[in-house]
Each structure stands twice: as C-alpha cells, then as structure tokens.
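Notes follow once the structure below has been shown.
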2 protein chains.
Amino acid sequence: MMSTADTNSVPERKRGSGVKMVYDLLRDEILDLVLPPGSPIDEVQLAERFKMSRTPIREALVRLAGEGLIDTLPNRSTMVSNIDFLNMHTYFDALVLMYRVTTRLAAEHHRLEDLQVIHAHQADFAKAVEAQDALAMIATNAALHSAIAEAGRNPYFTGLFNRLLNEGRRLLRLYYQSYDDRLPQRFVDEHEDMIKVIAARDVEAADRLAKEHAEQIVDQIQKLFKRGGHLSIAL
Amino acid sequence: MMSTADTNSVPERKRGSGVKMVYDLLRDEILDLVLPPGSPIDEVQLAERFKMSRTPIREALVRLAGEGLIDTLPNRSTMVSNIDFLNMHTYFDALVLMYRVTTRLAAEHHRLEDLQVIHAHQADFAKAVEAQDALAMIATNAALHSAIAEAGRNPYFTGLFNRLLNEGRRLLRLYYQSYDDRLPQRFVDEHEDMIKVIAARDVEAADRLAKEHAEQIVDQIQKLFKRGGHLSIAL
DNA sequence: TGAATTTTATTTGTCGACAAGAAATCGACA
DNA sequence: TGTCGATTTCTTGTCGACAAATAAAATTCA
C-alpha cells in the first residue's frame, strides 16, 4: 500500500470548478493546435486524465460543441472540428467588418479608462513582437482588439467579435507561425495609429484604418496560402 | 406479467432525441414568452414532466445557457434570462448592421434557387399578416430574413444573424403584439422591394432598403417604448 | 425582542453503473 | 475466396443515488 503515496496528490477540486478547468484546457489545446483538427476526443480518457467522472467532462464537451470547436457524431465519436479552408474568405469578410465596426464604435464611445487598458495591451503586443514570441503575439493581439471592442460598448458586437477571433485563432496561429518575426512590427505601428484616432474620436479615420489593417492581414494570409499551396495541418 | 399494459404508454423515445426535444421546447417557450424572463427552471420538475433523468435535461440547459437564454447561479438556481432593456439600442445597432450586410451579400451572391425559397417565405409572411397572426408573423419574418442571409452565403454572418434574431425574438414579440394588425402590411411591401433589388443584384439598393427597413422597425419599437413607458413583462 | 448561530431542507454537481447503437470482428455459406 | 450475417467490442446516452453548497428555518443567547 505504498504506491498510493504519489496518488495522494488528489486535486481536491472545488465543486463547480471541474468543468471550467476541462473546458478551458481543451479549448486552449484546440485553439493552439495542440489538438489538431480531426483529433479524437475520448470521454473516458479525459475522465481518467482529470480524475473525475464522465459527467463534468461531458458538460464541457457540450459547451465546446456549442461553440463549434468540436463535432459530435451521434452515438459514435467526437473530434476536433476542421478548419474550413474552402470558405475562408467568408470568414475574412466577417472579420474585416467586425474590425471596422468595433474600432469605429470605440472611437465613438470609449472612455478615458478604456484607453489605459488599450495602451497596456498594445504594450504587451509590442513586447511579444520584440521577443518574437508567436504565441504571445496571437494572445496579445486578440486581447488588444478585444479591448478596443469593449470600449465600443456594444455587448452584441463584442460577443460576436470575440467569437470570431476564437474561431479564427487557429488560422491566425498558422499565420503568425510563418511570418514569425519581421512583419509584425508593422502591426505595432498600425495599432499605434488606430489607437491615436480612437483617442481623437475620429470615427471615419478609425473605420478606414481598421479596414486597412484588417485587409492587410487578409492579404498576407492569402499570399501565404498561394505560396504554400496547402498547409502542414492534418485536415 | 401484464400489469405493464398501461405502463406500456412509455414514450419509447429514441436514444439521442431526449435532449433535443427538451431543448427545442424550452427554447420555444422562452422565446415566445410562455416562460417570461425570471421564470425559475427546475431540473427535477422538468425531469418528471418529460419522464426522463436529470442528465439529458441538464445537457439541454447547458446549451440554452450557452446561447444566453437562461442564467445559471452556481449551486443555486437557473432562470430565464432577462431582456436587457437598458442596452437595447446596442442590440438594434447590431441588428441594423446585420440586416444591411446580409441583404447586401444576398444581392451579390444569391443563386436562382435561393429566390424561390425567399419568395416562399415572403408569401408565408404575407399570409400571416393577412391572418393577423402575430406569432406567425414573427416566425415567418425571421425565416424570411434568415433565408435572405443564407443566400448571402457567408456562414459566419448567417450564424451571427440567426443568433441575433433569436436573442431579439422576445423583443420582436412584444412589438408585433402591440401593432398586431395594421402596420405589418407595410413590411410586406418593403420586403417585396428588397427581394426585387436582390434579384436584380443591385447591391447598393439592397443595402439602402435593408437599412431603411431595419431603422423603420427600430423607430417603431422605440416609439412603443416611449408611449408605453415600460412593458407588461415581469423583469 | 432581536441578532447571531445552528439545524434543516432544497437544489445542484458528481459519481458509478448499465443499456443502446454503431463499427469492427468473426464465422458460415456460396 | 468473397460476401453476407451474427457476434463482439467499444463508445456514447441515460439512469438512480449520493454529496456538497446554499438558502431558509429554527434555536439560542443577550
């Protein structure tokens, strides 16, 4: 009865925290491509891994399915959902529009305290670029734009936009991975300009810069696809 | 071994159908205000009502919570979420934009078969208006705009838009209930015009008409709020 | 009487087990 | 040997029961 010595590390989780833990972790692993599209999700395996029953695992999976991050074959299996490369332009159309609308609204409705938050995120992004840390760039870039959206004070748009950023996070990850050092510096400057016009409450300029910023990103990614032909990801 | 004769009335549901049934029904009851905001949702009660375990009930509730239709107080209770009257203008901003963008895209990308579907929904809507059936008007109007969005062929926008339509369905219901007979005829005409310019692939006109259509609705609802002061709904 | 504290009650979160469904495996027959 | 059918296996969906957390009720004490 001694091998239980290490098993003593029973997590001792609190009551409602199990699902959130599983949800957050799976979500991150999916969005960071640790679990590439098509990876099978096994409930029992997860249950063992987290030392809990299948019930909370299941709840986390239902949530992930609700966000389209996993696909569930009835009675059969569940797996990480595919990245839809074919309809990718539709995603970018949506992303560009949301970039524009959130930035525009931020110029209209931001308050002073918002600018501080935005500046902080921008600093984080610049730091990530300088450190050439692709993963950090993704996270801080998303955080920055999310903060801008928050400043626009429209919960429907922010919810929408965050959802879109998440759905695209896997794509963006590919992008940042390929151009992992040189180009992002341009983003820092573009962000700087956007923040300036937001602070100046110049709505039209904000709209224009956001559009250019977004379309530049889209261009780069599409160039990437043309060059690479296809990507080193299991579909 | 025959007293099971009456027990024979077991629903005999199929395996995966329970959650969908509960989800659909609760969703409809919430959106149609049969369950007004604030109504408590009792798991055991639902379990008895549908003669099933709490597990599938719970899964349905998790989904509904994911769509924001119910709020869950940890360890305590779950209830139908409130309609946010304070930030309503933010909802309308989002709705107007989505009306515009989906209609515009429909003008750009629709195919012949889409028009038939759209026309069918428009006929349904006209019929509902003629019959002065408020509930049918809501359903058919949503179906029409949803079909237009589908014709735009951008799944991100259609998903977003449908979500928005659902979130606003409770509000729209109030609207249609008050102006339950005269005004909607105008919508029939406006819809007719919108469909015409979509068919003609006149993108700019589609955008303009959608904007006017949406803003007219918003105007009417806001007039309603000014007149009524507040609404006969338990917050 | 009123406030603080213990007790009870109700509802949720979690568990282990069982049954149904579908694919994979095996076997019979042509 | 190939095909069809039965069987096995493996995963999911559902169930009933228990434990934790919180609110309400009851009790104690000043």
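Within every chain, numbering begins at 1; the chains are lettered A, B, ... in the order of the sequence lines, protein sequences first and strands thereafter. Just so you know, these numbers come straight off a predicted model, no measurement behind them.
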Separation of atom CE in Met79(A) from atom P in dA23(C), rounded to whole Å: 12 Å

Value in whole Å for how far the P atom of dG13(C) lies from NZ of Lys20(A): 15 Å

Electrostatic pair Arg169(A)-Asp28(A), nearest N-O below 4.0 angstrom: yes

Atom-to-atom span, CD1 of Ile57(B) to C1' of dT11(C) - whole angstrom: 15 Å

Of Ser77(A) and Thr55(A), the one whose closest DNA chain D nucleotide lies more 5': Ser77(A)

Donor + acceptor pair across side chains of Asp71(A), Ser81(A) (<3.5 Å): no

Nucleotide nearest Met52(B) (side chain, heavy atoms from C-beta), chosen from dT14(D), dT11(D), dC15(D): dC15(D)

Which pairs, protein N/O on one side and nucleotides 18-21 of chain D N/O on the other, fall under 3.5 Å?
| from | atom 1 | to | atom 2 | distance (Å) |
| --- | --- | --- | --- | --- |
| dA20(D) | O4' | Arg15(A) | NH1 | 3.2 |
| dA20(D) | N3 | Arg15(A) | NH2 | 3.2 |

Length of the line joining Gln45(A):CD and dT12(D):P, which is rounded to integer Å: 10 Å

Nearest to side-chain heavy atoms of Ser53(A), which nucleotide of dC15(C), dC15(D), dT12(C): dC15(C)

Glu43(A) side chain near Leu46(A) side chain, heavy-atom distance below 4.5 Å: no

Whole angstrom value for the distance that separates C1' of dT12(D) from CD of Glu59(B): 11 Å

Touch class at under 4.0 angstrom, heavy-atom based, for Leu73(B) against every strand present: nothing

Spacing of Ile70(A) atom CD1 relative to dT11(D) atom C1', expressed in whole Å: 14 Å

Glu43(A) CD to dC15(C) P, straight-line distance once rounded to whole Å: 14 Å

Option from Val101(A), Val96(A), Leu95(A) for which side-chain contact (heavy atoms from CB on, under 4.5 Å) with Tyr99(A) holds: Leu95(A)

Glu29(B) atom CD, over 12 foreign heavy atoms within 6.0 Å: yes

Sub-4.5 Å side-chain heavy-atom contact between Arg58(B) and Arg54(B): yes

Donor-acceptor side-chain pairing of His109(A) and Asn154(A) below 3.5 angstrom: no

Lys51(A) NZ to dG13(C) C1', straight-line distance once rounded to whole Å: 20 Å

